[in-house]
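Worksheet for the structure shown next.
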Amino acid sequence: MTRRVALSLPSRCRSLICASSATVRGTTHWVQEQGELLAGHVPAGGLAADEDLRLAIIELRQAVRALFARAVSPAPPSPADAHRLMTADQARARLNTAAAREPVAPQLDWPAEGVPTTRLLSAENDPYVRLVAALARAAIDFLSGPQCTQLRSCTAPRCVRYFVKSHGRQEWCKPSCGNRARAARHYRRQRTAVEGGSEPS
């Protein structure tokens with residue numbers, strides 16, 4: 001089986017981090033929403049998840065979040081799961097194992113009137129294995145690539161995301177998180193003023 005690799009790796013990683021996997025139905029919905037990003041890795045008609053796939057995605061997400069936490073250190077990790085992260089060595093082993101489940105070979109395409117592109121050649125027939133392996137490879141590519149140095153944890157209240165910092169003063173993953181963080185800061189200041197104390201720095 002031949003598949004093109006033309007995916008937005010940071011987007012795929014961010015999507016995996018926030019994937020809805022509380023139920024099999026939620027996992028199926030998430031996979032189908034990623035149709036464009038996962039083109040060539042799942043069947044064209046979409047993929048119906050089962051419990052094994054749901055658990056595999058959860059395990060992979062836990063590993064990626066642990067490695068993202070290491071990447072942003074010494075800044076704090078996302079508070080969503082900072083208290084229950086696996087070790088970096090465990091996370092790395094889990095990620096590498098997931099990626100290795102699909103043996104692939106890079107192939108060069110170079111049309112006469114075009115530019116060279118890369119595709120992966122795979123003999124794996126199980127779409128679940130292909131999906132999880134593709135997600136694992138995306139995480140590996142991102143963590144070992146130049147954008148990883150710009151990875152940040154969003155500090156807005158109730159946000160679980162990591163994001164790639166796109167400009168010098170960016171503190172949050174999206175404007176709504178910035179609004180929520182500023183509102184929370186204003187509330188703390190107002191409460192401190194009412195109580196007659198000083199806001200902790």
Side-chain angles (χ1 to χ4, degrees), residues 1-19 21 30-31 34 36-42 53 56-82 84-110 115-124 126-155 159-168 170-174:
M1 176 178 293
T2 299
R3 302 192 308 282
R4 290 193 176 277
V5 182
L7 301 169
S8 170
L9 299 180
S11 295
R12 227 178 350 158
C13 287
R14 288 197 299 270
S15 181
L16 171 63
I17 289 296
C18 301
S21 51
W30 174 78
V31 170
Q34 313 313 309
E36 185 176 342
L37 293 175
L38 296 171
H41 298 276
V42 298
L53 179 61
I57 290 175
I58 288 174
E59 290 178 358
L60 183 61
R61 181 177 61 195
Q62 290 169 342
V64 172
R65 290 189 68 87
L67 293 169
F68 276 15
R70 178 180 178 180
V72 303
S73 178
S78 168
D81 53 5
R84 60 176 186 270
L85 293 171
M86 68 180 71
T87 68
D89 284 345
Q90 290 173 323
R92 181 174 49 81
R94 182 176 291 184
L95 186 64
N96 287 337
T97 297
R101 289 192 64 197
E102 181 189 19
V104 294
Q107 304 286 296
L108 179 68
D109 273 347
W110 200 340
V115 296
T117 58
T118 303
R119 59 187 171 85
L120 293 182
L121 188 65
S122 171
E124 177 58 59
D126 187 332
Y128 294 174
V129 171
R130 295 201 309 268
L131 171 60
V132 175
L135 293 170
R137 287 195 304 272
I140 290 169
D141 288 345
F142 174 76
L143 287 163
S144 61
Q147 285 192 312
C148 187
T149 60
Q150 297 302 310
L151 186 68
R152 300 291 186 271
S153 163
C154 185
T155 58
C159 186
V160 302
R161 293 181 178 88
Y162 287 87
F163 66 95
V164 176
K165 189 175 182 179
S166 60
H167 57 81
Q170 185 177 0
E171 298 181 52
W172 305 288
C173 66
K174 56 184 180 178

Carboxylate-amine/guanidinium contact R92 D89, below 4.0 Å:
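Looking at D89 together with R92, the answer is yes, because their closest N to O distance falls below 4.0 Å.
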For the atom pair [atom1] ([X]) and [atom2] ([Y]), what is the distance rounded to the nearest 0.5 Å?
X    : Y    : atom1 : atom2 : answer
R70  : L85  : CZ    : CG    : 13.0 Å
C148 : F68  : SG    : CZ    : 7.0 Å
Q147 : S166 : CD    : OG    : 10.0 Å
L95  : L60  : CG    : CG    : 6.0 Å

Within a strict 4.5 Å, meaning less than it, do heavy atoms of the V64 and F142 side chains meet?
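No, every pair of side-chain atoms sits at 4.5 Å or beyond.
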Pairwise side-chain contact, P106 with L120, heavy-atom cut-off 4.5 Å (strictly under):
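P106 reaches L120 side chain to side chain.
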Donor-acceptor under 3.5 Å (R94 side chain, E59 main chain)
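The answer is yes, because a donor-acceptor pair under 3.5 Å joins these two groups.
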Looking at Q170 and W172, would you say the former's side chain and the latter's main chain have a donor-acceptor pair under 3.5 Å?
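Flag set: sc Q170 to bb W172 pair under 3.5 Å.
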Could you tell me which residues satisfy side chain to side chain contact (heavy atoms under 4.5 Å, CB included) with A99, sequence neighbours excluded, listed by chain and number?
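Partners of A99 by the side chain to side chain contact (heavy atoms under 4.5 Å, CB included) criterion, ordered by chain and then number, come out as A136, R137, I140.
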Residues which pass side chain to side chain contact (heavy atoms under 4.5 Å, CB included) with R152, listed by chain and number, not counting sequence neighbours:
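Listed in chain order: Q150, F163, K165.
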Taking all atoms of both residues into account, what is the closest heavy-atom pair of [X] and [Y], and its distance?
X    : Y    : value
V115 : W110 : C-CD1, 3.9 Å
S153 : P76  : CB-O, 3.6 Å
V31  : I57  : CG2-CD1, 4.5 Å
E102 : S122 : OE2-OG, 2.8 Å
S78  : C159 : OG-O, 4.0 Å
A88  : L67  : O-CD2, 3.8 Å

R61 and I58: CA distance, side-chain angles, deciding distance, side chain to side chain contact (heavy atoms under 4.5 Å, CB included) verdict:
CA-CA 5 Å; R61 181 177 61 195; I58 288 174; 4.0 Å; yes
Can you name the residues that form a side chain to side chain donor-acceptor pair (under 3.5 Å) with S144, not counting sequence neighbours?
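Scan of S144 (side chain to side chain donor-acceptor pair (under 3.5 Å), adjacent residues dropped) gives none.
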